[in-house]
Visitor: 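One structure, as structure tokens, below. Some questions next.
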There are 2 protein chains.
Amino acid sequence: MTTNNMTKGDRDLENTLDAVRPDDLRLEKFLPYRLSVLSNRVSNAIAQAYGERFDLTIPAWRVMAILGRFPNLSAADLVEQTAMDKVAISRAVSILLRNDYITRSEDLSDRRRQVLNLSELGRDVYERIVPLAQQYENDLMGSLSDDERRQLDSIIEKLMSRAQDWANRGLLDR
Amino acid sequence: MTTNNMTKGDRDLENTLDAVRPDDLRLEKFLPYRLSVLSNRVSNAIAQAYGERFDLTIPAWRVMAILGRFPNLSAADLVEQTAMDKVAISRAVSILLRNDYITRSEDLSDRRRQVLNLSELGRDVYERIVPLAQQYENDLMGSLSDDERRQLDSIIEKLMSRAQDWANRGLLDR
DNA sequence: CGGCAGTGGTTACAATTGAAACCAATCTTA
DNA sequence: TAAGATTGGTTTCAATTGTAACCACTGCCG
């Protein structure tokens, strides 16, 4: 999968959209590219729905989604749960505080920590968004067969852990 | 947007990470979220590889990937091929020109258009990146079974077209 | 105790991205 | 052929995001 065995002459022939060189990269079939396009399309559609209705960014909504299930978390706990970074969490939290969607209280046993929770209002919003989110997901999943749905789960899991490996010890030499 | 059918008592029980309310959203199983995390991990790893070695952003590399297969395209053609927007293309092109990876020439039949091509240098780089890109892809795909690989292709296609529909006529009322 | 390494969280600043305005060339149509 | 509409492409400005520095507090070790 390394060398490119074409002559220069071959190449010169190809100056229309139909010409495809054998060893070229077919971007539209390249997994990282497809993932990125797919993910952006999905995220943008959903971000728009959240944003319009509730003045929430996606990171802010993620924080709510976690706090909805797991009360009394600190920002550091959220970092762990969401794979978002410190700063993103901090900004999301400040949006949510501004909207009165969450409350923040001191942790007396460690005065650096701040314990976060959904407020009454926040829980209301949470309970209205969850079905909306599920509707989007159902709509997506609705385009798949049962078999595909099952496989997708395991596929994502595998790809995710492989990509995670890259992040730790980089791929290749490096 | 007011009611909340849990009692306060219910809620107070749940202050550990193990507590899960039945109708909550499980973010870690939520497809849009997983796609986003996966795509970011993959893109970041690859962006780093391209960037370090060749001073290329991902958009810039995408432009090269298309020009490698399809010579003599204009920026507008690239927009069509890549699903990137005008501005992103324009910026990518200017990076590539600065690096002497592509050439730009007037289209005499329409003096608004500028015809783009890989330069000699650009083609060299292209031919070195293609195997690198394929190596990343193979590594990812390597974690899947043959069956999964086949399915993934069709799954992505379906999800993509569903998400595309959203972009056109928005999901739900709106 | 007193210092100092590590943690929780925010702030400041630079780089990236997106939206809209913009300029120049072309096309349309009267 | 002149006026307005359209297209190709760039620039500008605001919003978003990432990185690094930073402050306050805790915990550890002498």
Side-chain angles (χ1 to χ4, degrees), chain A residues 36-37 39-41 43-48 50-52 55-63 66-67 72-99 102-117 167, chain B residues 36-37 39-48 50-52 55-63 66-67 72-98 102-117 167:
Chain A
S36 156
V37 172
S39 163
N40 284 340
R41 280 195 189 157
S43 292
N44 290 341
I46 297 186
Q48 190 166 341
Y50 296 164
E52 281 174 3
D55 189 24
L56 284 179
T57 61
I58 289 212
W61 156 245
R62 283 185 187 163
V63 166
I66 299 292
L67 286 178
N72 297 319
L73 299 187
S74 68
D77 297 331
L78 287 169
V79 168
E80 211 183 315
Q81 291 280 315
T82 58
M84 294 163 57
D85 82 85
K86 277 169 99 156
V87 179
I89 296 284
S90 171
R91 294 202 255 243
V93 164
S94 84
I95 289 177
L96 293 173
L97 285 171
R98 183 163 3 100
N99 290 356
I102 63 174
T103 61
R104 175 164 63 177
S105 53
E106 305 262 310
D107 179 339
L108 297 182
S109 68
D110 181 344
R111 296 214 318 288
R112 294 168 304 183
R113 307 184 102 231
Q114 328 220 258
V115 178
L116 305 172
N117 275 294
Chain B
S36 157
V37 173
S39 163
N40 284 340
R41 279 193 190 158
V42 170
S43 291
N44 290 340
I46 297 187
Q48 191 167 340
Y50 297 165
E52 280 174 1
D55 188 25
L56 284 179
T57 61
I58 288 212
W61 155 244
R62 283 184 187 166
V63 166
I66 299 291
L67 286 178
N72 297 318
L73 298 187
S74 69
D77 297 332
L78 287 169
V79 168
E80 210 184 313
Q81 291 281 314
T82 57
M84 296 162 56
D85 82 84
K86 278 169 97 156
V87 179
I89 296 283
S90 172
R91 295 201 253 243
V93 164
S94 83
I95 290 176
L96 293 173
L97 285 171
R98 184 166 358 102
I102 63 174
T103 61
R104 174 163 66 177
S105 52
E106 305 261 308
D107 179 341
L108 297 182
S109 67
D110 181 343
R111 297 213 318 286
R112 291 169 307 184
R113 308 183 99 233
Q114 326 220 256
V115 178
L116 304 171
N117 275 293

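Just so we're on the same page: letters track the sequence lines, and every chain starts at 1.
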Visitor: May I have the distance from A:Leu78 (atom CG) to C:dT7 (atom P), rounded to whole angstrom?
Guide: 18 Å
Visitor: Side chains of A:Asn117 and A:Leu67: closer than 4.5 Å at any heavy-atom pair?
Guide: no
Visitor: Decide side-chain contact (heavy atoms from CB on, under 4.5 Å) for A:Ser43 and A:Ile58; before the verdict, give the C-alpha distance in whole Å, the side-chain angles of both, and the deciding distance to 0.1 Å.
Guide: CA-CA 8 Å; A:Ser43 292; A:Ile58 289 212; 4.3 Å; yes
Visitor: Rounded off to whole Å, could you give me the CD1-to-P distance for the B:Ile95 and C:dT17 pair?
Guide: 9 Å
Visitor: For B:Ser74 and D:dG9, is the shortest distance between a side-chain N/O and OP1 or OP2 below 4.0 Å?
Guide: yes
Visitor: Could you run down the sub-3.5 Å N/O contacts of the protein with nucleotides 19-25 of chain D?
Guide:
| unit_1 | atom_1 | unit_2 | atom_2 | d |
| --- | --- | --- | --- | --- |
| D:dC25 | O2 | A:Arg112 | NH1 | 3.4 |

Visitor: Figure out the CG/P separation between B:Leu56 and C:dA15, and round it to whole Å.
Guide: 18 Å
Visitor: Less than 4.5 Å apart, any side-chain heavy atom of A:Met84 and any of A:Pro59?
Guide: yes
Visitor: In whole Å, I'd like the distance from the CE atom of A:Met84 to the P atom of D:dT16.
Guide: 14 Å
Visitor: Rounded to the nearest angstrom, tell me the gap between atom OH in A:Tyr50 and atom C1' in D:dT16.
Guide: 19 Å
Visitor: Considering only NZ, NE, NH1 and NH2 on the basic side and carboxylate oxygens on the acidic side, decide whether A:Arg113 and A:Asp77 come within less than 4.0 Å.
Guide: yes
Visitor: Could you state the atom-to-atom distance from CD1 of B:Ile102 to C1' of D:dG9 in whole Å?
Guide: 13 Å
Visitor: To the nearest 0.5 Å, tell me how far B:Leu78 CG sits from B:Leu116 CG.
Guide: 6.0 Å
Visitor: Determine whether B:Leu56 and B:Leu96 satisfy the following criterion, side-chain contact (heavy atoms from CB on, under 4.5 Å), listing intermediate values before the conclusion.
Guide: CA-CA 8 Å; B:Leu56 284 179; B:Leu96 293 173; 3.6 Å; yes
Visitor: Can you tell me if the side-chain N/O atoms of A:Ser90 get under 4.0 Å from OP1 or OP2 in C:dT10?
Guide: yes
